[in-house]
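Working notes for the structure below.
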Amino acid sequence: MRRTVFDEDHEAFRVTLRDFIAKEVVPVHHEWEEQGHPPRDFYRKLGELGVLGIQVPEEFGGAGEASFKFAAVAAEETTRAGVSFGNYSVHANLILPYLMAYASEEQKRRWLPGFASGDLMTAIAMTEPGTGSDLANIQTRAHRSADGTHYVLNGAKTFITGGALADLVLVVARTAPYDPEDRRAGLSILCVESSSEGFAVGRKLQKIGLKASDTAELSFSDVKVPVENLLGAEGEGFSYLSHNLPQERLTIALGGAATAAAALRFATDYVRERTIFGKPVAHFQNTKFVLAECATEVEAAQLMADRALELHDEGELTVADAAKAKLFCTEVAGRVIDKCLQLHGGYGYVTEYPIARLYADTRVSRIYGGTSEVMKTIIAKSLGL
């Protein structure tokens, strides 16, 4: 089915990005996986290309594009090549909406130019060792100093994407006493500079996939955070997190649809070239049937992702819509990639083949941003259940 979601500008961006990936990423991606992240200077290259600042207003050095479709193109092109941009997606797609919606004009002038250029990389610290998805149970705490000039922050976070290289971390902390009657109250977002005394990067977690993206533990010991680094209003942190969930889940849905499509292409190319019992694997009826099933599921996921993308650009993507898109696209990706790996035989288990990396990388998409089970709960509530 012909896609209509992208226009000439998006396709021109696709061509530029594809060329950049071929020259700057593919030849060295294995080195990034070995060290656990791209070199710091790579993000400046993304900044020079304009990728990081697409949605940053022109007055702060960006392109000022309102559409999220350029982010979808980036997701498709990186997965098409079997690579990643490290922590690009969290930085540009997850954190920027917080800064655009809740940062003061002074904060935007302070942070957005570096955000767009890649000179200032960001991360967001929500999850804690004992809380998991239960953000209302956050234990990291911050209190105002006696003179009111800064907050004193204490606590620990885990599973922080980009935490090892970030210059600025949006930390969700409890700034008011815990209220068992309203557990969501009293949470705030503090923008913490990684150079702050008492800020420490702990273990860099070893994952089964997404090896070119660092994931770290962070700790805060009496970290002084200037009150000027409070994002938005004190005590409104939970509502801010909820406000950005549809875009976060749309990002994951787009990635799911893109990885499923990439897996189908990798498998189709492989079975045409690989021979067994004297003929190409593609000639066997089972191969044809499996790939026909995959192609149909990929098409369905792409249609749902495209529709969700259009709704988001129109400002009409609901929490339930985003949950449906994330649930469906990530589950499809899991099924399709598994079938496509099977068609590779033993080679599908060898990491030099992109299908193996997709298999490992995609598994977490059914966990982060809200598990598939959480998505089902949200969808059920939208049905009045």
Side-chain angles (χ1 to χ4, degrees), residues 3-18 20-21 25 38 42-43 45-58 60-81 83-101 112 115-118 121-124 161-162 210 212-213 243-262 301-317 321-322 325-326 329-330 333 361-362 365 368-369:
R3 297 178 76 189
T4 59
V5 69
F6 299 119
D7 62 22
E8 292 181 359
D9 289 339
H10 301 122
E11 296 305 333
F13 177 66
R14 185 188 301 279
V15 171
T16 299
L17 209 54
R18 188 173 296 182
F20 175 82
I21 291 169
V25 182
F42 170 71
Y43 294 113
K45 291 182 180 180
L46 282 182
E48 292 173 5
L49 193 65
V51 174
L52 299 182
I54 289 174
Q55 292 190 295
V56 173
E58 293 182 17
F60 302 117
E65 287 287 347
S67 175
F68 198 63
K69 293 177 182 178
F70 291 95
V73 172
E76 291 181 1
E77 288 305 308
T78 49
T79 53
R80 179 185 182 277
V83 299
S84 78
F85 278 172
N87 301 317
Y88 148 78
S89 186
V90 168
H91 177 76
N93 300 334
L94 178 55
I95 295 172
L96 182 59
Y98 288 105
L99 299 181
M100 292 301 299
L112 289 183
F115 185 103
S117 69
M121 292 302 295
T122 59
I124 186 165
T161 302
L210 298 177
S213 172
H243 178 267
N244 196 46
L245 283 175
Q247 178 164 309
E248 179 181 357
R249 289 166 179 165
L250 170 62
T251 300
I252 299 169
L254 292 169
T259 53
Q302 201 162 63
L303 286 169
M304 177 169 265
D306 285 355
R307 181 60 185 139
L309 180 58
E310 289 177 326
L311 286 172
H312 182 64
D313 269 10
E314 294 164 5
E316 296 181 5
L317 183 67
D321 289 338
K326 180 186 184 296
C329 292
T330 57
D361 289 352
T362 300
S365 69
Y368 63 19

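Just so it is clear, the model here is predicted, and its values are computed rather than measured.
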Checklist entry - Looking at Y88 and A71, what are the two nearest heavy atoms and their distance? => result OH-CA, 4.0 Å
Checklist entry - Quick one: salt bridge (Lys or Arg N to Asp or Glu O under 4.0 Å) partners of R14, sequence neighbours excluded? => result E11, E76, E77
Next on the checklist: Would you compute the distance between atom CG of L94 and atom CD of E248 and round it to the nearest 0.5 angstrom?
Outcome noted: 5.0 Å
Checklist entry - Rounded to the nearest 0.5 Å, what separation is found between the CE atom of M100 and the CG atom of L112? => result 6.5 Å
Checklist outcome for this item: Residues passing the side chain to side chain contact (heavy atoms under 4.5 Å, CB included) test with T122, sequence neighbours excluded, are H91, I95, F115, L120, L168
Checklist entry - Taking all non-hydrogen atoms of both residues, which atom of F68 and which atom of D313 are closest, and how far apart? => result N-OD1, 2.9 Å
Checklist entry - Is the side chain of Y98 donor-acceptor paired with the backbone N or O of I124 at a distance under 3.5 Å, no angle test? => result no
Table please: side-chain donor-acceptor pairs of residues 251-259 below 3.5 Å, with sequence neighbours left out.
unit_1 : atom_1 : unit_2 : atom_2 : d
T251   : OG1    : Q247   : O      : 2.9
T259   : OG1    : G255   : O      : 3.0
T259   : OG1    : G256   : O      : 2.9

Item to check | Shortest non-hydrogen contact between N244 and P97, atoms and distance | outcome: OD1-CB, 3.1 Å
Item to check | Within 6.0 angstrom of E314 CD, more than 12 heavy atoms from elsewhere | outcome: yes
Next on the checklist: With rounding to the nearest 0.5 angstrom, report the CG to OG1 distance, D306 to T4.
Outcome noted: 7.5 Å
Item to check | Closest contact, heavy atoms only, G61 versus A116 | outcome: O-CB, 4.1 Å
Checklist entry - Would you say the side-chain atoms of T78 pair up with the backbone N or O of A75, donor to acceptor, closer than 3.5 Å? => result yes
Checklist entry - So, R249 side chain and A325 main chain: donor-acceptor pair closer than 3.5 Å or not? => result no
Checklist entry - Just wondering, do F85 and F20 contact through their side chains at under 4.5 Å, heavy atoms? => result yes
Item to check | Student check: side-chain heavy atoms of R80 and R18 closer than 4.5 Å | outcome: yes
Next on the checklist: S89: which residues meet the side-chain hydrogen bond (donor to acceptor under 3.5 Å, both in side chains) condition with it, sequence neighbours left out?
Outcome noted: N93
Under 3.5 Å, side-chain donor or acceptor atoms of residues 45-55 against the rest of the protein: list the pairs with distances, not counting sequence neighbours.
unit_1 : atom_1 : unit_2 : atom_2 : d
K45    : NZ     : E24    : OE1    : 3.2
Q55    : NE2    : A66    : O      : 3.1
Q55    : NE2    : S67    : O      : 3.3

Next on the checklist: Would the distance check show the side chain of K69 and the main-chain N or O of V5 forming a donor-acceptor pair, the cut-off being under 3.5 Å?
Outcome noted: yes
Checklist entry - Hey, does the side chain of D361 reach the backbone of L210 with a donor-acceptor pair shorter than 3.5 angstrom? => result yes
Checklist outcome for this item: For L317 and P246 the tightest heavy-atom approach is CD2-O, 4.0 Å
Checklist outcome for this item: For T161, the side-chain hydrogen bond (donor to acceptor under 3.5 Å, both in side chains) test, sequence neighbours excluded, returns none
Checklist entry - K326 versus S365: any side-chain heavy-atom pair under 4.5 Å? => result no
Next on the checklist: Distance check, rounded to the nearest 0.5 Å: Y368 atom OH versus T330 atom OG1?
Outcome noted: 9.5 Å
